[in-house]
Amino acid sequence: MDTNIPQPISTETARPVASEERIKTIDIVRGVALLGILLMNIPGFGIDGSMWFTVIRGPQDTTDFRTMAVISIFFEDTMAGLFAMLFGAGMILFTMNKKDTQGGVTVAEYYYRRLLWLVLFGITHAYLIWWGDILYFYGLTGMLLYPFRKTPAKWLFLLSILCIGIVILKGQLRYNETREKRAAYHETVKAEKAGKKLTAGQQQDKTIWLEIENRRPDSARTKRNISKMRSDYGTIFNYRLPGQSKSNSWEIYHGIWRSLCLMFIGMALFSIGFFSNKLSTSAYVMALIIGYGIGIPLGWVMFSKGWVGSLNFGVYVDVYRVRHGALNDFRMVLLSLGHACLIILVFRSRIVPWLMKGLANVGQMAFTNYLMQSIICTLFFYGYGLGYYNQLKYHQLFFIVGAVWIFQIIFSSIWLRYYQFGPFEWLWRSLTYWKRQPMMKS
């Protein structure tokens, strides 16, 4: 088992982590998270958003519905959550590999230079390739982590609880506003039934709620979206451009607390040796039982009561004072930890060493493989490629996922036979240290 954690270097010139210093379990877990992210992203690549309403409304004995249930209960948000945890762990790993030198570049300068380049990569990816980018957002959020790099694990866990509390509070406040609109609608209907003439305000209250409750996929919008996404690159770029900036701004405002929570957890787990395979087998087994034992039932409640149950939204708001979405962040953290424990336990068992090696290669090239997924999927689905957008059923999308997984495991393994880094990892490191990094293996 690879349990060696890199120690601060003694030379005066900072450098990336060498191949022999890498922590294999971190690469393996990162590889699984990276591949798992495509499970979440593939509907965004390949099918119009109206599909969600079509599948979730049933019938429930279809392959599409069962597939959506499995993905939602076991994987929804969890792979991105695990990836965010590893991003936080990577922050500590990056800084502990360096030290300040008199008259030289400081660790902080290297750190923020690294993240600024990541933000630039993210902006380029989001606007030129695919709208669902996370690099831009992770780069911005990561800038808040540096002051906490030496914070004890217990305080990092407390900070994560604070952040998740803010997420839940913000979500509940938005839900309370929805409940107020529902209450105003009930008052209006009550007055209308009593034969009273409605005021302009009451008419507006009624209209607002009916728009919320009767919100359905717009067939004209769906048809327009499909037509645009099957067009040439310039058409798709101009079509997506107005919504991209709005999407990025929304994510920063609403998503930053959730990401901070996950990154703080990742930093804390790395500090106690969780990701570096230093805990006892019993500890990983116990964490696995707790993570899956609580996380999976929460996932079922979220799907059956939250998603399916909220299809009749008016009744849902009348019945529930607290939204089921308040459970989502606990479910995400618990299942993410369960996934990580399972991966580490399989690694310890040595039952599939070839698979662990392949996943480690994918994780070592996570940046390249993340961008590669976007390039492959946009070329497969969009009009300037093969044009398969909205031509597959929901469950059929995951055949594409499996094919991409196999390709990336094979590609990463072959590439790392000859090169030290993936191509984008090499570029990122060269820009961070402002020095061309050696690429070929000796």
Could you go through residues 151-168 and list every donor-acceptor pair under 3.5 Å that involves a side-chain atom there, pairing it with any protein atom two or more places apart or in another chain?
from, atom 1, to, atom 2, distance (Å)
T151, OG1, F148, O, 3.1
S160, OG, F157, O, 2.5

Next on the checklist: Determine whether F275 and F270 satisfy the following criterion, ring pair (Phe, Tyr, Trp, His ring centres under 6.0 Å), listing intermediate values before the conclusion.
Outcome noted: CA-CA 5 Å; F275 286 120; F270 180 81; 7.7 Å; no
Checklist entry - What class does the angle between the rings of Y316 and H324 fall in, given that below 30° is parallel, 30 to 60° is tilted and above 60° is perpendicular? => result tilted
Checklist outcome for this item: In terms of heavy-atom contacts, L135 and L118 come closest through O-CG, 3.7 Å
Next on the checklist: Using only atom types and a distance under 3.5 Å, with no angle test, would you say the side chain of K441 pairs donor to acceptor with the backbone of L416?
Outcome noted: yes
Item to check | Least distance between heavy atoms, Q408 atom then N369 atom | outcome: NE2-O, 2.8 Å
Next on the checklist: Quick one, V285 and C341 - any side-chain contact, counting heavy atoms below 4.5 Å?
Outcome noted: no
Item to check | F303 and W307 aromatic ring geometry - parallel, tilted or perpendicular at 30°/60° bounds | outcome: tilted
Checklist outcome for this item: Residue pairs passing the side chain to side chain donor-acceptor pair (under 3.5 Å) test with at least one member in residues 68-77, sequence neighbours excluded, are D77-N328
Item to check | Inter-residue atom distance M267.CE - L262.CG, 0.5 Å rounding | outcome: 13.0 Å
Checklist entry - Can you check whether Y127 reaches W131 side chain to side chain, under 4.5 Å on heavy atoms? => result no
Item to check | Inter-residue atom distance M372.CE - L34.CG, 0.5 Å rounding | outcome: 9.5 Å
Item to check | Nearest atoms (heavy-atom pairs only) where S259 meets T141 | outcome: CB-CG2, 4.0 Å
Checklist entry - Is atom NZ of K170 surrounded by more than 12 heavy atoms (other residues, nucleotides or ligands) closer than 6.0 Å? => result yes
Item to check | Y292 to P297 - nearest heavy-atom pair and separation | outcome: O-CD, 3.6 Å
Item to check | Closest approach of H339 to F74 (non-hydrogen atoms, all atoms of both residues) | outcome: NE2-O, 3.1 Å
Checklist entry - Under the 3.5 angstrom rule, does the side chain of S336 hit a backbone N or O of M332 as a donor-acceptor pair? => result yes
Checklist entry - So, Q172 versus N176: side-chain donor-acceptor pair below 3.5 Å or not? => result yes
Next on the checklist: Looking at D64 and V55, would you say the former's side chain and the latter's main chain have a donor-acceptor pair under 3.5 Å?
Outcome noted: no
Item to check | Reported CD1-to-OH distance for the pair I47 and Y389, which is rounded to 0.5 angstrom | outcome: 8.0 Å
Next on the checklist: Please report whether the ring centroid of H125 lies less than 6.0 Å from that of Y136.
Outcome noted: no
Checklist entry - For L38 and C377, which heavy atoms make the closest approach, and how far apart are they? => result CD1-SG, 3.9 Å
Item to check | Straight-line distance of W426 CH2 to Y419 OH, nearest 0.5 Å | outcome: 11.5 Å
Checklist entry - Within the side chain of R113, is there an N or O that forms a donor-acceptor pair under 3.5 Å with the backbone of T432? => result yes
Checklist entry - Aromatic ring centroids of F121 and F367 under 6.0 Å? => result yes
Item to check | Worked verdict on M365 versus F424 for side-chain contact (heavy atoms from CB on, under 4.5 Å) | outcome: CA-CA 8 Å; M365 292 176 54; F424 283 102; over 6 Å; no
Checklist entry - When you look at R230 and Y382, which way does the side-chain contact (heavy atoms from CB on, under 4.5 Å) test go after all the steps? => result CA-CA 5 Å; R230 292 178 181 174; Y382 291 180; over 6 Å; no
Next on the checklist: Using ring centroids (six-membered ring only for Trp), state whether F381 and Y388 fall under 6.0 Å.
Outcome noted: no
Next on the checklist: Distance to the ring centre below 6.0 angstrom and angle to the axis at most 45 degrees; does that hold for R114 and Y111?
Outcome noted: no
Item to check | Donor-acceptor contact below 3.5 Å, side chain S227 vs main chain R224 | outcome: no
Checklist entry - Taking atom types as modelled, is there a side-chain donor on E425 or T368 under 3.5 Å from an acceptor on the other? => result yes
Checklist entry - Is a salt bridge present between D27 and R30, judged by a nitrogen-to-oxygen distance below 4.0 Å? => result yes
Next on the checklist: Test your reading of the model: is there a side-chain donor-acceptor pair from S430 to the backbone of Q437, 3.5 Å cut-off?
Outcome noted: yes
Item to check | Those residues that, when tested against R182, pass salt bridge (Lys or Arg N to Asp or Glu O under 4.0 Å) (two or more places apart) | outcome: E213, D318
Checklist entry - Using 30° and 60° as the class limits, which term best fits the ring planes of W117 and W434: parallel, tilted or perpendicular? => result parallel
Checklist entry - Does one side chain, of D48 or N225, offer a donor that lies under 3.5 Å from an acceptor on the other? => result yes
